[in-house]
Peer 1: 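Here it is, the structure in full.
In this text the structure is predicted, and so the values were computed from the model without any measurement. Each residue takes its place number in the sequence, starting with 1. All values below were derived from every heavy atom in this structure, side-chain atoms included, with hydrogens, water molecules and symmetry-related copies excluded.
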Amino acid sequence: MSTDSATAALYAQALQSTAADLSWCTVPWGVCPEYGATLKSTGGRAWCMDLACLNAWAWDRLDAACTEPATHTVQADNGDRYVVCDGHALTARTQLTDGQILPGLPDA
């Protein structure tokens, strides 16, 4: 998996969280569930910056752990895997150069 070091560290944290519960996204920051990494936050609120989206939240969703159900498995070339929601799967597709984003959850 090739990403910048800060993102790689956060994905490593997601990998550790996957062992705890495969039903919820394990990424420790939020995204728009429909458009991915398009959030902006300030003053304890967050909203999607995609012009086609009207999603907004009365809390800082960007800097909080994701609360969406897991729908995809990210499989790195080194064998690591973790589960993510639709929004994080969209984002992973644009950020990963090695590995796969697979629909569905791994067998427990």
Peer 1: Between T73 and L102 (side chain of the first, backbone of the second, donor and acceptor by atom type, cut-off under 3.5 Å), is there such a pair?
Peer 2: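 No, T73 side chain to L102 backbone: no donor-acceptor pair under 3.5 Å.
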Peer 1: Please say which of I101, V27, V31 ends up in a side-chain contact (heavy atoms from CB on, under 4.5 Å) with T91.
Peer 2: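 Filter result, single survivor: V31.
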Peer 1: A side-chain contact here means heavy atoms from C-beta on lying under 4.5 Å apart; do T71 and P103 qualify?
Peer 2: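 The answer is no; the side chains never approach within 4.5 Å.
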Peer 1: At their closest point, which heavy atom of W57 faces which heavy atom of P33, and how far apart are they?
Peer 2: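 Nearest heavy atoms, W57 then P33: CZ2-CD, 3.7 Å.
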Peer 1: If you round to the nearest 0.5 Å, how far is CG of L39 from CH2 of W29?
Peer 2: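 So the CH2 of W29 and the CG of L39 are separated by 12.0 Å.
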Peer 1: To the closest 0.5 Å, what do you measure between CZ (R81) and CG (L105)?
Peer 2: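 Reported value, rounded in 0.5 Å steps: 10.0 Å.
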Peer 1: Hey, what do you get for SG (C32) to CG (D86), rounding to the nearest 0.5 Å?
Peer 2: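 Spacing of SG (C32) from CG (D86) equals 10.5 Å.
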Peer 1: In Å, rounded to the nearest 0.5 Å, how long is the span from CH2 of W47 to OG1 of T42?
Peer 2: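 If we round to the nearest 0.5 Å, W47:CH2 and T42:OG1 are 5.5 Å apart.
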Peer 1: If we count only N and O atoms by modelled type, under 3.5 Å, do the side chains of D60 and S41 hold a donor and an acceptor together?
Peer 2: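 Side-chain D/A pair, D60 to S41: present.
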Peer 1: Under a single-linkage definition using a 4.5 Å side-chain heavy-atom cutoff for Ile, Leu, Val, Met, Phe, Trp and Tyr, are V84 and L96 assigned to the same hydrophobic cluster?
Peer 2: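 Same cluster.
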Peer 1: Measuring from atom CH2 of W59 to atom CZ of R45, what distance do you get when rounded to the nearest 0.5 angstrom?
Peer 2: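 Between atom CH2 of W59 and atom CZ of R45 there are 10.5 Å.
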Peer 1: Would a distance-only check, ignoring hydrogens and angles, find a side-chain to backbone donor-acceptor pair under 3.5 Å from T26 to V83?
Peer 2: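 Answer holds: yes.
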Peer 1: What's the spacing between E68 CD and C25 SG if we round to 0.5 Å?
Peer 2: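 These two atoms lie 8.0 Å from each other.
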Peer 1: Side chains of H72 and C85: does their closest heavy-atom pair fall under 4.5 Å?
Peer 2: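 Sidechains of C85 and H72: no contact.
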